[in-house]
2 protein chains.
Amino acid sequence: MIDKESGVPAYRQVADTLRDRVATGQYPPGHQVPSERDLVDEFGVSRPTIRQAIELLRSDGVLVAEHGRGIFVRQRPTVRRLARNRLSRAARDAGRGAFLADADEGGWTPSVSVRIRFEPAAGRVAELLQLAPGAEVTIRDRIMRADGEPVQLAVSHLPRELTQGTVLEDVDTGDGGTYARLEEAGHRLRFEELVGARMPTSEERTQLGLTRGTPVLTVTRVATSSGRPVEVTEMVMSADLYELLYDVSGD
Amino acid sequence: MIDKESGVPAYRQVADTLRDRVATGQYPPGHQVPSERDLVDEFGVSRPTIRQAIELLRSDGVLVAEHGRGIFVRQRPTVRRLARNRLSRAARDAGRGAFLADADEGGWTPSVSVRIRFEPAAGRVAELLQLAPGAEVTIRDRIMRADGEPVQLAVSHLPRELTQGTVLEDVDTGDGGTYARLEEAGHRLRFEELVGARMPTSEERTQLGLTRGTPVLTVTRVATSSGRPVEVTEMVMSADLYELLYDVSGD
DNA sequence: TAGTGGTCTAGACCACACG
DNA sequence: GTGTGGTCTAGACCACTAT
């Protein structure tokens with residue numbers, strides 16, 4: 001099974017063969033791959049070499065290993081499609097945040113924990129908010145859960161000056177959330193979102209319960225009021241669970 | 001340096017220590033990490049254990065190894081910010097595709113290779129185009145390059161019925177591209193984009209020249225004309241290189 | 001030529017899942 | 001208990017980069 005003359009490393013040949021079996025459906029999603037010791041026999045290489053091949057496929061998100069049980073072809077959960085244009089004023093006036101609206105549509109039970117803190121502005125957020133470094137910022141740190149499982153992290157930043165003495169420094173900001181309160185205060189909000197992806201930090205991996213080989217989607221949302229940025233939210237979610245839908249029609 | 005009693009595997013302790021040195025800036029981007037043999041001495045574990053730690057950090061995109069040279073803290077290239085709302089009719093009328101517009105703005109030289117083929121509709125694309133399986137589809141397969149480097153893959157699908165006898169079956173579709181031609185044919189286009197991320201396939205990794213630990217952003221764009229989908233484009237790009245900017249203001 | 005990462009082996013023992 | 005993946009070792013040799 002392994003061609004020693006080809007110049008292709010043995011572990012790569014093993015990985016490619018297994019990858020192929022997954023791609024062609026010979027090993028369908030959820031299927032248990034032969035054990036490492038069986039693969040040793042099949043390919044005629046040592047166990048570390050087999051493990052190296054499997055490591056590769058795990059970090060590529062093709063296989064998952066379960067200690068004591070076996071190695072399985074990764075099963076993708078069904079994605080939640082998030083319609084980002086729900087941020088529009090019309091939807092907000094209906095009195096609910098985007099996360100809650102998605103929840104009934106998807107048929108899951110949402111819950112959110114919030115922590116509030118105040119810090120001097122720094123780094124990218126200070127830049128996006130166009131604040132002098134050191135200006136105080138109100139930070140709303142949230143973990144969103146679907147049926148109890150953490151699925152999304154979100155950290156919002158507002159200039160403290162805008163939140164002082166308002167419910168924006170409380171845990172519960174009321175119907176329609178932060179944006180509804182800002183509009184009541186006379187702001188006409190516009191939104192931009194900056195979407196990227198990367199591998200999670202080890203902290204994010206723990207918080208979101210991610211397996212090896214799963215990247216995260218990052219969304220940075222900037223709310224501006226007559227050209228002045230008033231809020232920046234940084235969101236992190238499993239790329240396995242989410243797809244973001246944008247209406248891009250223009251005019 | 002390694003706590004054998006803690007229950008945390010040695011390779012994890014090594015990885016965490018190195019990760020920390022990167023996070024705190026002790027090892028800044030581009031910095032050469034001590035060689036594997038030096039780390040063996042520093043941590044008092046075997047080389048395979050050191051390698052296991054480094055593997056982990058490579059698949060997380062923290063370190064990159066260069067054969068014969070050393071191991072380095074990954075240096076992120078500057079991201080190209082793509083303003084997706086450039087698809088709007090106004091921009092298209094100016095006579096250029098989004099990729100070319102981004103090019104001058106970013107100061108790089110764009111080039112595109114196109115391959116055209118015809119196939120029966122299948123899978124997700126057939127679904128998005130609402131075509132009966134087997135209906136013929138025109139496929140425009142593109143590789144976009146910036147200064148010669150492949151940076152983006154894009155595959156467009158149109159029902160063959162719409163392209164027969166038009167320039168949409170030619171390599172060059174003229175000023176404004178496919179969308180301009182469709183509008184000239186009487187379609188009023190609306191666009192939606194579905195954004196996700198995942199680890200690349202091994203083919204994509206080769207084509208885009210991606211290093212370990214770099215996910216790809218995927219964008220599926222659906223163009224509809226009075227509710228009927230007329231074109232689906234699937235784009236794949238390095239998440240290291242791109243950030244997508246959406247205006248989400250609604251009204 | 002010296003130093004680096006890349007590949008591979010043969011074996012040992014541990015930790016977990018399941019019948 | 002048996003079988004699974006997880007951790008770790010000591011060493012060998014190869015392939016690449018730089019001097």
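Chain letters run A, B, ... following the sequence lines, proteins first and then strands; every chain starts at 1.
Put simply, CD1 on B/I50 is 16 Å from C1' on C/dG6, counting in whole angstrom units. Rounded to whole Å, atom P of C/dT4 lies 11 Å from atom CG of B/L39. Taking atom CD of A/Q32 as the reference point, atom P of C/dA17 lies 14 Å away to the nearest angstrom. One can place CD1 of A/I2 at 12 Å from C1' of C/dC8, the figure rounded to the nearest angstrom. Look at CG on B/D38: it is 10 Å from C1' on C/dG3, rounded to the nearest Å. One can place CZ of B/F72 at 8 Å from P of C/dG5, the figure rounded to the nearest angstrom.
Nearest heavy atoms, A/V45 versus A/A10: CG1-CB, 4.1 Å. Considering every non-hydrogen atom in both B/V195 and A/L217, the closest pair reads O-CD1, 4.2 Å.
Proximity of a side-chain donor or acceptor of A/E36 to a complementary backbone N or O of A/I54 within less than 3.5 Å is not detected. Counting only distance, with no hydrogens or angles, the side chain of A/Q13 and the backbone of A/V8 share a donor-acceptor pair below 3.5 Å. Looking only at distances, no side-chain donor or acceptor of B/T214 sits under 3.5 Å from a matching main-chain atom of B/L210. Judged by distance alone, the side chain of A/D147 and the main-chain N or O of A/T109 form a donor-acceptor pair under 3.5 Å. Counting only distance, with no hydrogens or angles, the side chain of A/Q75 and the backbone of A/P28 share no donor-acceptor pair below 3.5 Å.
Listed by residue number, the members of residues 9-23 of chain B with any heavy atom below 4.0 angstrom from DNA chain C form an empty set. Residues from residues 199-213 of chain B lying near DNA chain D, meaning a heavy-atom separation below 4.0 Å, are absent. Proximity of residues 54-63 of chain A to DNA chain C (heavy atom under 4.0 angstrom from any strand atom) is not detected for any residue.
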Once each nucleotide of nucleotides 9-17 of chain D is scored for protein heavy atoms under 4.0 Å, what B/S/- sequence comes out, 5' to 3'? BB-B--BBS
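Secondary-structure annotation of DNA chain D gives the stems C:1-18 with D:1-18, with a stem taken as at least 3 successive Watson-Crick or G-U pairs whose two distances both fall under 3.5 Å.
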Would A/E42 and A/R37 count as a salt bridge (Lys or Arg N to Asp or Glu O under 4.0 Å) here? Give the steps. CA-CA 9 Å; A/E42 177 181 351; A/R37 281 130 178 122; over 6 Å; no
Can you list the steps and then say if B/E119 with B/R117 is a salt bridge (Lys or Arg N to Asp or Glu O under 4.0 Å)? CA-CA 7 Å; B/E119 284 181 13; B/R117 36 186 235 276; 2.9 Å; yes
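Side chains of A/Y246 and A/E193: a donor-acceptor N/O pair is present below 3.5 angstrom, by distance only. Donor-acceptor pairing under 3.5 Å is lacking for the side chains of A/S59 and B/S59. B/R74 and B/T211 share a side-chain donor-acceptor pair at under 3.5 Å. Between the side chains of A/S156 and A/R142, at least one donor N or O sits under 3.5 Å from an acceptor N or O.
For B/S46, the side chain to side chain donor-acceptor pair (under 3.5 Å) partners are B/T49, not counting sequence neighbours.
For the pair A/R145 and A/W108, the cation-pi test (distance below 6.0 Å, angle within 45°) is failed.
Interatomic distance, B/M237 CE to B/L244 CG, rounded to the nearest 0.5 Å: 5.5 Å.
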